[in-house]
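Any value given below was found using the heavy atoms of this structure, including those in side chains, with hydrogens, waters and symmetry copies removed. Just so we're on the same page: letters track the sequence lines, and every chain starts at 1.
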Protein chains: 2
Amino acid sequence: MGTRDEIAALPPESDLTRADSLAREIFSDVANKWALLIIEFLGIRTMRFGELRDAVGGISHKMLTQNLRTLERNGLVTRTVHPTIPPRVDYSLTEAGDALRAVVDGMCDWTQRYLGHIESSRSRYDS
Amino acid sequence: MGTRDEIAALPPESDLTRADSLAREIFSDVANKWALLIIEFLGIRTMRFGELRDAVGGISHKMLTQNLRTLERNGLVTRTVHPTIPPRVDYSLTEAGDALRAVVDGMCDWTQRYLGHIESSRSRYDS
DNA sequence: CTGGATCCGATACGATACTG
DNA sequence: CAGTATCGTATCGGATCCAG
């Protein structure tokens with residue numbers, strides 16, 4: 001009765017189609033360059049603020065603190081302050097953070113694997 | 001003779017530590033909210049420009065075209081123009097794009113799984 | 001319908017200076 | 001050493017108008 005076409009034309013289904021606004025917000029929080037890089041490097045081992053800055057590389061003091069605060073608020077990173085002089089602060093992944101790290105690992109692997117493919121695609125496109 | 005401590009203090013190893021600037025640039029291209037959402041939805045099926053805009057939701061005309069161009073340039077998305085009136089343009093994932101989609105799927109799963117965890121962590125942090 | 005161009009506000013980001 | 005605050009600048013991103 002003409003409904004087949006309409007069904008076929010319906011919007012697609014996926015986790016994010018069904019997701020509420022909170023899921024979208026979290027996805028946006030997490031799907032950003034600095035947050036993922038921080039997760040990736042903290043996955044190697046617990047690090048101090050300065051170590052993390054050097055490891056990530058190219059991130060400013062301000063962006064690092066800002067992203068670490070968001071990560072801490074979302075419960076992906078724990079912040080341990082040692083009341084010494086000079087102060088020492090250790091950052092490490094929570095269980096949730098480590099689970100995300102596994103995903104980011106996959107993304108790093110993907111980047112390595114398709115590096116050449118992407119490079120040649122770019123030169124083709126730019127010509 | 002005292003080198004053990006220095007070795008222990010060396011920067012950590014990881015795919016991204018060894019990565020050259022190109023890998024970093026690609027990672028930055030890919031690790032952004034809109035690009036990942038587009039990849040995720042195109043993974044369901046080939047879509048036209050308008051369908052994709054509706055599916056992603058909340059993305060502006062400008063951001064969609066802009067991100068699609070970058071995705072196309074990097075060889076993650078193919079753009080097929082049908083010379084009809086009105087014009088019809090289909091977007092779909094390449095093999096590289098589909099490989100990335102698998103990673104993004106993992107990220108969507110992660111979001112769903114830790115949604116409650118993150119929500120409670122936030123209220124704890126905000127108090 | 002798709003897509004480019006432009007204007008304009010929001011915010012991401014870097015540099016710097018200051019505190020404990 | 002770690003963190004906050006402030007100031008510019010650059011890029012992000014939305015709204016709108018016009019063209020094929």
Side-chain angles (χ1 to χ4, degrees), chain A residues 9 11 21 24-39 41-42 45-74 77-92 125-126, chain B residues 5 8-9 11 21 24-39 41-42 45-74 77-92 125-126:
Chain A
S21 59
R24 280 297 182 111
E25 188 195 334
I26 291 171
F27 189 89
S28 301
D29 256 20
V30 154
N32 91 60
K33 176 185 163 186
W34 293 131
L36 293 185
L37 282 174
I38 291 171
I39 292 282
F41 284 106
L42 278 186
R45 59 172 166 82
T46 295
M47 287 191 200
R48 300 180 57 178
F49 185 88
E51 289 178 320
L52 193 52
R53 181 170 39 69
D54 293 343
V56 172
I59 188 172
S60 69
H61 191 115
K62 180 184 176 183
M63 279 301 101
L64 184 53
T65 35
Q66 203 167 96
N67 278 277
L68 281 172
R69 291 297 163 273
T70 303
L71 254 16
E72 190 191 356
R73 185 172 109 97
N74 286 338
V77 161
T78 48
R79 178 170 175 269
T80 312
V81 181
H82 299 94
T84 59
I85 296 178
R88 175 194 179 98
V89 182
D90 286 332
Y91 290 95
S92 56
Y125 186 92
D126 293 342
Chain B
D5 295 329
S21 58
R24 278 300 182 108
E25 188 195 333
I26 291 171
F27 188 89
S28 301
D29 255 21
V30 154
N32 92 60
K33 177 186 164 186
W34 293 131
L36 293 184
L37 283 174
I38 290 170
I39 291 284
F41 284 106
L42 278 187
R45 60 172 166 82
T46 295
M47 288 191 200
R48 300 180 55 179
F49 185 87
E51 288 178 320
L52 193 52
R53 182 170 40 69
D54 294 343
V56 172
I59 189 173
S60 69
H61 189 114
K62 179 185 177 181
M63 280 301 101
L64 184 54
T65 33
Q66 204 167 95
N67 278 278
L68 282 172
R69 291 299 161 269
T70 302
L71 254 18
E72 190 192 356
R73 185 171 109 96
N74 286 338
V77 161
T78 48
R79 179 169 175 270
T80 312
V81 181
H82 299 93
T84 58
I85 296 177
R88 175 195 177 96
V89 182
D90 285 332
Y91 291 95
S92 57
Y125 186 94
D126 294 340

**OP:** Would you give the length of the straight line joining atom CZ of A:Arg69 to atom OG1 of A:Thr65, rounded to the nearest 0.5 angstrom?
**Re:** 6.5 Å
Original post:
At how many degrees, to 10°, do the end axes of the helix from C:dC1-D:dG20 to C:dG20-D:dC1 meet when each uses five pairs?
Top reply: 40°
Subject >> A:Tyr91 vs D:dC1: side-chain N/O to OP1/OP2 distance below 4.0 Å >> reply: no
Original post:
Expressed in angstrom and rounded to an integer, what is the separation of A:Leu68 atom CG from D:dG3 atom P?
Top reply: 8 Å
Original post:
Distance from B:Met47 atom CE to B:Asp90 atom CG, nearest 0.5 Å?
Top reply: 11.0 Å
Original post:
Do the side chains of B:Glu51 and B:Phe41 get nearer than 4.5 Å, heavy atoms only?
Top reply: no
**OP:** State which of C:dG3, C:dT2, D:dG3 makes the closest approach to the side chain of A:Arg69.
**Re:** D:dG3
**OP:** Using whole Å, report how far CZ of B:Arg48 lies from C1' of C:dG3.
**Re:** 14 Å
Subject >> OG1 on B:Thr46 to CZ on B:Arg48, rounded to 0.5 Å >> reply: 12.5 Å
**OP:** Answer yes or no: is there a side-chain heavy-atom contact under 4.5 Å between A:Val77 and A:Leu42?
**Re:** yes
Original post:
Taking B:Asp29 as the fixed residue, which of B:Thr70, B:Asn74, B:Asn67 is the one that meets the side chain to side chain donor-acceptor pair (under 3.5 Å) rule?
Top reply: B:Asn74
Original post:
Taking atom C1' of D:dT4 as reference, at what distance in whole Å does atom CZ of A:Arg79 sit?
Top reply: 12 Å
Original post:
How many Å lie between CG on A:Asp90 and C1' on D:dC1, as a whole number?
Top reply: 12 Å
Original post:
Are OP1 or OP2 of C:dT2 and a side-chain N or O of B:Arg88 less than 4.0 angstrom apart?
Top reply: no
Subject >> Counterpart residues, side chain to side chain contact (heavy atoms under 4.5 Å, CB included), relative to A:Ser28 (two or more places apart) >> reply: B:Lys33
Original post:
Looking at CG of A:Leu71 and CD1 of A:Ile39, how far apart are the two atoms once the value is rounded to the nearest 0.5 Å?
Top reply: 4.5 Å
Subject >> Gap between atoms CG and P, on B:Leu71 and C:dG3 respectively (whole Å) >> reply: 13 Å
**OP:** For each nucleotide in nucleotides 13-20 of chain C, reading 5' to 3', give B when a protein heavy atom comes within less than 4.0 Å of its base, S when such contact involves only the sugar-phosphate, and - otherwise.
**Re:** BBB----B
Subject >> Inter-residue atom distance A:Phe27.CZ - B:Leu37.CG, 0.5 Å rounding >> reply: 4.5 Å
